[in-house]
There are 2 protein chains.
Amino acid sequence: MGEVNEPRSECPINAAIEAFGDRWTLIVLRDIVFGDRRYFRELQAKSIEGIASNILADRLKRLVRSGLLTREDARPGQRARYSLTEPAIQLVPVFAQLGSWGLRHRPTSSALNARAVLLEQGGPALWQEFMDELRREHLGSELPARSPSVRERLNAAYLAANGSS
Amino acid sequence: MGEVNEPRSECPINAAIEAFGDRWTLIVLRDIVFGDRRYFRELQAKSIEGIASNILADRLKRLVRSGLLTREDARPGQRARYSLTEPAIQLVPVFAQLGSWGLRHRPTSSALNARAVLLEQGGPALWQEFMDELRREHLGSELPARSPSVRERLNAAYLAANGSS
DNA sequence: CCTTCCGCTTGTGATTTGCAACCGCTCGTT
DNA sequence: AACGAGCGGTTGCAAATCACAAGCGGAAGG
């Protein structure tokens, strides 16, 4: 529970691994970023990998403590909403590279691939646009919104691939 | 030991996490890619994070089984050399993004940062050059070599940052 | 009051980790 | 032939972590 562990090394790659290098943390963040899930039950019930509630609770706590998420508090029994912080939003390029790699080197479903393909084709420009979108939704930034949103486009790609299969 | 586990989902990001999403696998690959270590004892003794020999043995086995490394066999008692495969070489952009993120959002040492900074500044062009270099060293590809090598430059940046601190 | 939904917590056993010691093999030296 | 150093690991054990299922107290609606 209480791990104020000093890092194993001061290498930036190791720092990233210590922040989200386990089997669940990035999955949770992925669902918030791409799946637009912001509530506990939503994250648990819609999880395609089937995360257990205690693991989810633990990861959310750690992510809040490590500054990757904020929890907009609600009294017990109320819906508590989680929001991405700027460091978490800046994981978009990491997700894009992970998706590209998985796409190319592992067997994956064509429907779920569609998003990774689009994110790869869009390149850094699309990533930036998506990050601005996330800043608007999660940080309440006042940047002008574009239409259609990147997430709408990513979901459209997924649905198109899903429908045609 | 015997995990022929089917994947939790067919999502490309999840596939990447299942391949190297734990606290040690990427560390081992990082030391092979950037530290030019190719032998068991070398990987264990020079590890700044201090990996244990049983964990290292397990990860090397898994990486060979999953097609990210090859082991050039030697008779027992002989040095066995590990080489990167093409999928592992294509992790360079992933490492670059992880390094950039860790650099920006976690406390890290300026000396170890130097490599991540250079890799970031060089961008995709430098990543490609580095990947070609790795193909030459690990796959025996016949591409012409450039001088100085990317690794030499990365190490020079590290030493410069280390000397000045 | 009763049901439903909310974010979790609490067991329980199985798996994985970290640590240290040890092993069988080969090679170069004496 | 004997030795020591170096090679890639294995083994045993305790501690931490994980996965699965069930349950819990508060709040809101009927």
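Residue numbering restarts at 1 for every chain, and letters A, B, ... go by the order of the sequence lines.
One interatomic measurement links the two molecules: CZ of A:R79 to P of D:dG29, which rounds to 13 Å at whole-angstrom precision. Protein atom CZ of B:R81 is 19 Å distant from nucleotide atom C1' of D:dG9, rounded to whole Å.
Judged as a side chain to side chain donor-acceptor pair (under 3.5 Å), the pairs with a partner in residues 87-102 of chain A (not counting sequence neighbours) are, in order, A:E86-A:Q90, A:Q90-B:H105, A:S100-A:E120.
For the salt bridge (Lys or Arg N to Asp or Glu O under 4.0 Å) test, residues two or more places apart in sequence or in another chain that qualify with B:R81 are B:E72. For B:R71, the salt bridge (Lys or Arg N to Asp or Glu O under 4.0 Å) test picks out B:D73, with sequence neighbours left out. Under the rule for a salt bridge (Lys or Arg N to Asp or Glu O under 4.0 Å), the partners of A:E137 that lie at least two apart in sequence or sit in another chain are A:R151.
Proximity of residues 10-38 of chain B to DNA chain D (heavy atom under 4.0 angstrom from any strand atom) is not detected for any residue.
Aromatic ring centres of B:Y82 and B:F40: separated by at least 6.0 Å.
Within the 4.0 angstrom heavy-atom criterion, no nucleotide atom of any strand lies near A:R8. Within 4.0 Å of B:R71, counting heavy atoms only, lie sugar-phosphate atoms of the nucleic acid but no base atom.
The side-chain heavy atoms of A:N155 and A:E152, taken from C-beta on, include no pair separated by under 4.5 Å.
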Inset, instruction - Encode nucleotides 19-30 of chain C as B, S and - characters from 5' to 3', where the letter depends on protein heavy atoms closer than 4.0 Å: B to the base, S only to sugar-phosphate, - to neither. - result: B-B---BSS---

